[in-house]
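Here is the structure we will look at, set down as structure tokens.
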Amino acid sequence: MSAEPLVPETRVLAVASHVVYGYVGNKMATLVMQSLGCDVSPLNTVHFSNHAGYRQLKGTRATADEITALYEGLCQSHLTDFDVMLSGYTPSAAAVEAVGAIGRDLQRKTEKKPGSFFWVLDPVMGDLGRLYVNDDVVPAYKKTIRHADLILPNQFEAEVLSGIKITSLSTLAEAITAIHATYNVPHVIITSVQLSKLPESPSVAAAPSPNNLTVIGSTTKSDGSPRLFRVDVPAIDCFFSGTGDMFAALTVARLREAVFAAGPELRTTKSWVSPDDVKPADLPLAQSTVKVLASMHSVLEKTMEARNAELLATAGQVDEQLGAEKQKQEHLRHTKAAEVRLVRNVQYLRNPVVEFKVQEWRTEDLPAQLR
């Protein structure tokens, strides 16, 4: 076991999906946060055999009433002393509203103690240009995220929430600014953007490699204006399920660690919003993001190595299949091989090797109307 100290003691209510096989949703988030010393109470919104990437699954979805009943059970025994709530995939609009009601109730319970409760919301709606939830889930999320402290949309979800198509650096800045302004959310991280595909770049030096992914974050100032930062990381040429859940879970632990390191005043400030004189790259959100990405990159590199070895070892197993059945079996083989190898690489969660740099996205790099 590592001698590295754990993050500050943190009780987390984690509301997300559950799968029997693999690591997505709460199966991913619970282990990640527990590995860093958090006490996690998982409230599962679905119970599936496996994640949807296999294109087939069995299981059940929790109704809004079932989610509410579980929370009421916690309340009746006074088991709601949570420091953080992390909410992720929720299967229906009614269930999103039920989860929102839980978050607001936990906020009411702690409203006399600013900073004692923090809500991280991952608005899981879709990716790569399409929704994979019903259309009525979108307005439910737009209503709910107004109450969250930090939201973690991907690029597509940021477009849905802001109403702005992200086609350039200018529109990316507009989207983040719009999310802050429209929903009054103090912290935003857009978890994956390919800036190299956007036509504008603030400077040649800041332009990312085509093989990089960029994470963009912001914490508002007292006037609501954004403090933008970015972290570029090398892209790994493979699709892994559960990476958004890993990012969210690591962020819960590392952000609380960074807030505590900043001193007692910040941890007793509503939504953990730093004073205006704190520069973007020095924000707890920025400092935590660097550690989060370092852990993720190491785990995914190890996963890629194991994936390649598994695919090599199982090559030829479906050669006798024909047509569509062969394609299906090949897809299942590749999807299984790409399951995140979390347990065997838990040391990288505890002890990230930080190589990436956080950069301030300076106001002079933004369009004049956004300065």
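The first residue in the sequence is number 1, and the count goes up from there.
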Can you tell me how far the SG atom of Cys238 sits from the CG atom of Asn308, to the nearest 0.5 Å?
8.0 Å

Minimum-distance pair of heavy atoms, taken over all atoms of Leu13 and Leu74
CD1-CD1, 4.3 Å

Side-chain donor-acceptor contact under 3.5 Å, Ser225 with Asp223
yes

Using distance only, find each side-chain donor-acceptor pair of residues 77-92 under 3.5 Å and give its atom names and separation, not counting sequence neighbours.
residue : atom : partner : partner atom : Å
Asp83   : OD2  : Arg11   : N            : 2.7
Ser87   : OG   : Trp119  : NE1          : 3.0
Thr90   : OG1  : Gly88   : O            : 3.0
Ser92   : OG   : Ala95   : N            : 3.1

Rounded to the nearest 0.5 Å, the CD1 atom of Ile151 sits from the CD1 atom of Ile189 at a distance of 10.5 Å

With no hydrogens and no angle check, do the side chains of Gln76 and Glu72 hold a donor and an acceptor under 3.5 Å apart?
no

Any donor-acceptor N/O pair, His47 side chain to Gly59 backbone, under 3.5 Å
no

Hey, what do you get for CG (Leu152) to CD1 (Ile145), rounding to the nearest 0.5 Å?
11.0 Å

I'd like to know if the side chain of Glu157 and the backbone of Gly126 have a donor-acceptor N/O pair within less than 3.5 Å.
yes

Within a strict 4.5 Å, meaning less than it, do heavy atoms of the Arg55 and His331 side chains meet?
yes

Do Thr214 and Asp232 meet the criterion of a side-chain donor-acceptor pair at a distance under 3.5 Å?
yes

Could you list all the side chain to side chain donor-acceptor pair (under 3.5 Å) pairs where at least one residue sits in residues 275-290, not counting sequence neighbours?
Ser222-Asp276

Do you reckon Val137 sits in the same ILVMFWY cluster as Tyr132, going by side-chain contacts under 4.5 Å, direct or chained?
yes

Answer yes if the side chains of Tyr71 and Asp105 hold a donor-acceptor pair under 3.5 Å, and no otherwise.
yes

Joint hydrophobic cluster, Val346 plus Leu293, side-chain heavy atoms closer than 4.5 Å:
yes

Salt bridge or not for Glu257 and Lys291, using N-O below 4.0 Å?
yes

Partners passing ring-ring contact (aromatic ring centres under 6.0 Å, His included) against Phe118 (at least two apart in sequence or in another chain)
His187, Trp272

Go through it in stages, so that I can follow the logic: the residues are Leu349 and Leu250, the test is side-chain contact (heavy atoms from CB on, under 4.5 Å), and I'd like the CA-CA distance, side-chain angles, deciding distance and then a yes or no.
CA-CA 8 Å; Leu349 306 179; Leu250 284 165; 4.0 Å; yes

Under the criterion side-chain contact (heavy atoms from CB on, under 4.5 Å), I'd like the reasoning laid out for Gln347 against Arg350: C-alpha separation, chi angles, the key distance, then a yes or no.
CA-CA 5 Å; Gln347 69 269 26; Arg350 293 281 303 274; 5.7 Å; no

Check: Tyr23 side chain, Asp245 main-chain N or O, donor-acceptor pair, under 3.5 Å:
no

Under 3.5 Å: donor-acceptor pair, side chain of Glu355, backbone of Ala294
no

Pair His297 and Phe356, ring centroids less than 6.0 Å apart
yes

Would you say that Phe247 contacts Met296 through its side chain, given a criterion of any heavy-atom pair below 4.5 Å between the two side chains?
yes

Answer yes if Ile236 and Val290 sit in the same cluster of Ile, Leu, Val, Met, Phe, Trp and Tyr residues linked by side chain heavy atoms under 4.5 Å apart, and no otherwise.
yes

Is the closest side-chain heavy-atom distance between Tyr141 and Met125 below 4.5 Å?
yes

State, to 0.1 Å, how close Glu265 and Thr269 come at their nearest heavy-atom pair, and which atoms those are.
O-OG1, 2.8 Å

When you look at Asn50 and Val20, which way does the side-chain contact (heavy atoms from CB on, under 4.5 Å) test go after all the steps?
CA-CA 6 Å; Asn50 48 268; Val20 176; over 6 Å; no

Start with the C-alpha distance between Tyr183 and Leu161, add both sets of side-chain angles, then the distance that settles side-chain contact (heavy atoms from CB on, under 4.5 Å), and finish with yes or no.
CA-CA 9 Å; Tyr183 305 102; Leu161 293 173; 4.2 Å; yes

Ser298 side chain vs Ser295 backbone, donor-acceptor pair below 3.5 Å
no

Share the residues that join Tyr54 in a hydrophobic cluster, the rule being Ile, Leu, Val, Met, Phe, Trp or Tyr side chains under 4.5 Å apart at the heavy-atom level.
Tyr21, Leu332

Judged by atom type as modelled, is there a donor-acceptor pair below 3.5 Å linking the side chain of Ser116 to the main-chain atoms of Lys113?
yes

Just so I know, are the side chains of Ile164 and Glu159 near enough to count as touching, which here means a heavy-atom distance under 4.5 Å?
no

Search all heavy atoms of Ile179 against all heavy atoms of Ala158 and return the closest pair with its distance.
CD1-O, 4.0 Å

Rounded to the nearest 0.5 Å, what's the gap from CE on Met28 to NE2 on His51? Could you check?
9.5 Å

Does the Gln155 side chain pair with the main chain of Val193, one donor and one acceptor, at a distance under 3.5 Å?
no

NE2-CG distance between His334 and Leu311, expressed to the nearest 0.5 angstrom
4.5 Å

Do Phe239 and Val215 sit in one hydrophobic cluster, given that two such residues count as connected whenever their side-chain heavy atoms are within less than 4.5 Å of each other, even indirectly?
no

Contact check, side chains of Leu285 and Leu255, non-hydrogen atoms, under 4.5 Å:
yes

Using a 4.5 Å cut-off between side-chain heavy atoms of Ile, Leu, Val, Met, Phe, Trp and Tyr, which other residues end up in the same hydrophobic cluster as Val273?
none

Could you check whether any side-chain heavy atom of Tyr348 comes within less than 4.5 Å of a side-chain heavy atom of Lys302, counting everything from C-beta outward?
yes

According to a 4.5 Å side-chain heavy-atom criterion applied to Ile, Leu, Val, Met, Phe, Trp and Tyr, with indirect links allowed, do Leu128 and Ile190 form part of one hydrophobic cluster?
no

Throw together a table of side-chain donor-acceptor distances under 3.5 angstrom for residues 29-42, partners on residues two or more places apart or in other chains.
residue : atom : partner : partner atom : Å
Thr30   : OG1  : Asn26   : O            : 2.8
Ser35   : OG   : Leu31   : O            : 2.7

N/O donor-acceptor pair under 3.5 Å between Thr171 side chain and Glu174 backbone
no

Under the side chain to side chain donor-acceptor pair (under 3.5 Å) criterion, do Thr191 and Asn154 qualify, and how do the steps go?
CA-CA 5 Å; Thr191 54; Asn154 58 35; 5.6 Å; no

With side chains defined as the heavy atoms from C-beta onward, is the minimum distance between Val340 and Met246 less than 4.5 Å?
yes

Any chance the side chains of Arg227 and Thr219 put a donor and an acceptor closer than 3.5 Å?
no

Are any of the side-chain nitrogens in Arg341 or Glu305 under 4.0 Å away from the carboxylate oxygens of its partner?
no

So, does Thr10 use its side chain to make a donor-acceptor pair with the main chain of Pro8 at under 3.5 Å?
yes

So, are Glu330 and Arg333 salt-bridged, with charged N and O less than 4.0 Å apart?
yes

Examine distances only and state if a side-chain atom of Thr45 and a backbone atom of Ala16 form a donor-acceptor pair shorter than 3.5 Å.
yes

Tell me, do Phe117 and Gln107 make a side-chain contact under 4.5 Å, heavy atoms counted?
yes

CG/Leu228 to OG/Ser218 distance, rounded to the nearest 0.5 angstrom?
4.5 Å

